[in-house]
Amino acid sequence: MNPSTVAYQVMWNRLISVVEEQAQALVRTAFSTSVREAGDLSAGVYDVDGNMLAQAVTGTPGHVNAMADAVAHFIRRIGRENIRAGDVYLTNNPWEGTGHLHDFTVVSPSFHKGRLAGFFGCTAHVVDVGGRGFGADANSVYEEGLHVPIMHFAREGEVDETLLHLIRGNVREPGQVIGDLYALATCNEIGHRRLVDMMQEFALDDLSGIGGFIMENSRRATLERIKALPREVAEGAMTVDGFDRPITLKVRLTIEEDRIITDFAGSSPVDKKGINCPLVYAKAYACYALKCAIAPEIPNNAASLAPFEVVAPENTIVNAAHPAPVALRHIVGHFVPDAVYDALDKIIPGVVPAEGAGCLCNFQLSLRPAEGATGAVRAEVLSFNSGGSGARPAHDGLSSTAFPSGVMTMPVEATEHAGPVIIWRKELRPDSGGAGAQRGGLGQYMEVGAREGHEFDFSAMFDRVNHPARGRRGGGPGGATTIARDDGTEMRGKGKQFVPEGARVMLALPGGAGYGDVGQRDRAKVRRDLARGYISAECAARDYGLSEAEIARVQEAVERGEEAQ
């Protein structure tokens, strides 16, 4: 390696550190629990043409991979000749941002020595944008909330107060939303400062040299991985609950020498309700799925993403055109990797996991005083939760862990701090992980209510009620989602539903599916799972063939405080 190559590698690592500090600044300063506690955000640095050079490790692939395409829209809309130092731009346009109105993308130009050096971009999910509120109930994007087209948040350092007044007047939680917008702008400023420090340290006038090095090496490394794959075509499909009717995702995967084409032709048409997915978001998760399986260690940037081409007919569920409702686009988007893996497993077996819970198990509570109550308040509380992930070829699935989103489950304390909510129960759900040589990850149980004097609307954002996760290579299915009130009243998996004062919502979140023949599972792992409560005695006997004597020995060991062997 020559010295210039070593120096460029150091600079590349430094850029990744810069955007990670950018993301951590957003986590520390954000108002919304979805950002502070769940990490529902993204951050990245771009060259002067809007190509992503580096992304933060903290964040979600749906945000960052979609945001990879966003900066070019900002340059086009603002006009290169109108870009000034101190400017900050923003939008929540679903088709030019990250897929729905609840995500604000903020882009800031970075100037060095009086010249444009590049851009910083970041995205975060805000708690409310007005309209019907966060949920699938709308019939068009116009009902889903306030749309802010690409425009100035600040012009040469001066914040647009008129814009802030308009936003404040149209959202239910103006303090949180405006606070998050300032946090987004601030984290870009942190990135800019660190970039300038780096450019001064390495005596750089611009990013063209390091940018070219990143792009060339990332593209070459990705193409090497693709060239090592069989030149094959395979199809995959999966069906999930949808809103009022099931929806099907169909994938045709074509591996060529220098690219992989993912074609969603044949997928379900656009739905009447807000579960539709703009192509930018479906593309983000299709690329993420393939990178995880083929080139996981290659840093994410414009060049490493370029060989993954994603196409879908317009007005299918994964390429919804304006004005389709898209508030819960993440539900379909999070299932894209499982559909892609159904095809990829036929080309490179033994690599991809079984299906998992897929989409996040989110809900939002719109709380208000019950009739005659005193001292009660109105509040919007969004809670991010996860089911189990699918078992992997050589390892069990992760329990209550979000794949593919990577978003963290919110702590009970953070949710209860955000409003008059009580989480009465939150624990792992035994027997929800699919049986197999490798067991699927467990879902979780939750009981949700409100403090005395409050009633609320419960906006459900669940799937896997009627279509649990499917096992791979002989593995069993994961546990299905269930949702009901504590009086036994059944509730729908999606949509806003009224919950009276004193009532609770009882949730059983889905488990991941198993991988491989259950008969091949290590008996010691079965005994361990029984001892730890991951499976019941009934499941140990029925699914894994443990004898009554073995079960008794495990139970006796647990009573003695010993680990089962």
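Remember, it's a predicted structure, so these values are computed and weren't measured experimentally.
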Just do the side-chain contact (heavy atoms from CB on, under 4.5 Å) check on Val332 and Asp271 with the steps written out, would you? CA-CA 11 Å; Val332 169; Asp271 200 88; over 6 Å; no
Could you please spell out the steps behind the ring-ring contact (aromatic ring centres under 6.0 Å, His included) verdict for Tyr8 and Phe213? CA-CA 7 Å; Tyr8 276 143; Phe213 178 84; 5.2 Å; yes
In the structure I gave you, are the side-chain heavy atoms of [X] and [Y] within less than 4.5 Å of one another anywhere?
{"X": "Val233", "Y": "Ile347", "value": "no"}
{"X": "Ile261", "Y": "Glu256", "value": "yes"}
{"X": "Val48", "Y": "Asp206", "value": "no"}
{"X": "Asn301", "Y": "Leu53", "value": "no"}
{"X": "Val107", "Y": "Leu90", "value": "no"}
{"X": "Val336", "Y": "Phe264", "value": "yes"}
{"X": "Asp47", "Y": "Leu207", "value": "no"}
{"X": "Val45", "Y": "Phe119", "value": "no"}

State the [atom1]-[atom2] distance between [X] and [Y], to the nearest 0.5 angstrom.
{"X": "Arg28", "Y": "Cys187", "atom1": "CZ", "atom2": "SG", "answer": "10.0 Å"}
{"X": "Phe384", "Y": "Thr415", "atom1": "CZ", "atom2": "OG1", "answer": "10.5 Å"}
{"X": "Met11", "Y": "Arg14", "atom1": "CE", "atom2": "CZ", "answer": "10.5 Å"}
{"X": "Met410", "Y": "Glu416", "atom1": "CE", "atom2": "CD", "answer": "13.0 Å"}
{"X": "Asp69", "Y": "Glu96", "atom1": "CG", "atom2": "CD", "answer": "11.0 Å"}
{"X": "Ser140", "Y": "Asn276", "atom1": "OG", "atom2": "CG", "answer": "11.0 Å"}

Please walk me through it: do Tyr142 and His322 pass ring-ring contact (aromatic ring centres under 6.0 Å, His included)? CA-CA 10 Å; Tyr142 295 111; His322 185 275; 5.3 Å; yes
If only atom types and distance count, is the side chain of [X] paired as donor or acceptor with the main-chain N or O of [Y] below 3.5 Å?
{"X": "Gln364", "Y": "Val127", "answer": "yes"}
{"X": "Arg252", "Y": "Gly236", "answer": "no"}
{"X": "Arg219", "Y": "Asn217", "answer": "no"}
{"X": "Thr316", "Y": "Pro313", "answer": "yes"}
{"X": "Thr98", "Y": "Pro94", "answer": "no"}
{"X": "Thr262", "Y": "Ala286", "answer": "no"}
{"X": "Asn188", "Y": "Val106", "answer": "yes"}
{"X": "Asp263", "Y": "Ala265", "answer": "yes"}
{"X": "Trp95", "Y": "Ala320", "answer": "yes"}
{"X": "Arg231", "Y": "Lys227", "answer": "yes"}

Residues, nucleotides or ligands: over 12 heavy atoms within 6.0 Å of [X] [atom1]:
{"X": "Arg155", "atom1": "CZ", "result": "no"}
{"X": "Lys273", "atom1": "NZ", "result": "yes"}
{"X": "Arg172", "atom1": "CZ", "result": "yes"}
{"X": "Glu158", "atom1": "CD", "result": "no"}

What residue among Asp197, Ile210, Val10 forms side chain to side chain contact (heavy atoms under 4.5 Å, CB included) with Phe202? Val10
Out of Val71, Ile190, Val18, which residue meets the side chain to side chain contact (heavy atoms under 4.5 Å, CB included) rule with Phe120? Val18
Set of residues satisfying salt bridge (Lys or Arg N to Asp or Glu O under 4.0 Å) with respect to Asp87, sequence neighbours excluded: none
Using a distance-only test with no angle check, is there a side-chain donor-acceptor pair under 3.5 angstrom linking [X] and [Y]?
{"X": "Thr105", "Y": "Asp103", "answer": "no"}
{"X": "His165", "Y": "Arg168", "answer": "no"}
{"X": "Thr91", "Y": "Asn93", "answer": "no"}
{"X": "Thr58", "Y": "Gln24", "answer": "yes"}
{"X": "Asn65", "Y": "Asn300", "answer": "yes"}

State which residues pass ring-ring contact (aromatic ring centres under 6.0 Å, His included) with Phe31; sequence neighbours excluded, sorted by chain then number. none
Kindly write out the residues that satisfy side-chain contact (heavy atoms from CB on, under 4.5 Å) with Ala136, not counting sequence neighbours, or none if the list is empty. Phe243, Ile275, Leu328
Identify the two heavy atoms, one from [X] and one from [Y], that lie closest to each other, and give their separation to 0.1 Å.
{"X": "Ser304", "Y": "Ile298", "answer": "CB-CG2, 4.0 Å"}
{"X": "Leu184", "Y": "Cys122", "answer": "O-SG, 3.3 Å"}
{"X": "Lys346", "Y": "Glu235", "answer": "NZ-O, 2.5 Å"}
{"X": "Ala402", "Y": "Ser386", "answer": "CB-OG, 3.4 Å"}
{"X": "Glu144", "Y": "Ala138", "answer": "CG-CB, 3.4 Å"}

ring-ring contact (aromatic ring centres under 6.0 Å, His included) partners of residues 332-358, not counting sequence neighbours, each pair once: Tyr285-His334, His330-His334
Mind running side-chain contact (heavy atoms from CB on, under 4.5 Å) on Gln200 and His112 for me, showing each step along the way? CA-CA 9 Å; Gln200 290 175 340; His112 179 54; 3.9 Å; yes
Run the side-chain hydrogen bond (donor to acceptor under 3.5 Å, both in side chains) test against Asn170 and tell me which residues pass, sequence neighbours left out. none
Write out all pairs satisfying side chain to side chain donor-acceptor pair (under 3.5 Å) with one or both partners inside residues 30-43, taking only residues at least two apart or from two chains. Ser32-Asp180
Begin with the C-alpha distance, continue with both residues' side-chain angles, and end with the deciding distance and a verdict on side-chain contact (heavy atoms from CB on, under 4.5 Å) for Thr222 and Ile226. CA-CA 6 Å; Thr222 305; Ile226 292 175; 4.2 Å; yes
Between His152 and Tyr89, does a side-chain contact (heavy atoms from CB on, under 4.5 Å) hold up when you go through it step by step? CA-CA 4 Å; His152 284 77; Tyr89 318 118; 3.4 Å; yes
With under 30° as parallel and over 60° as perpendicular, where do the rings of His100 and His125 fit, or are they tilted in between? tilted
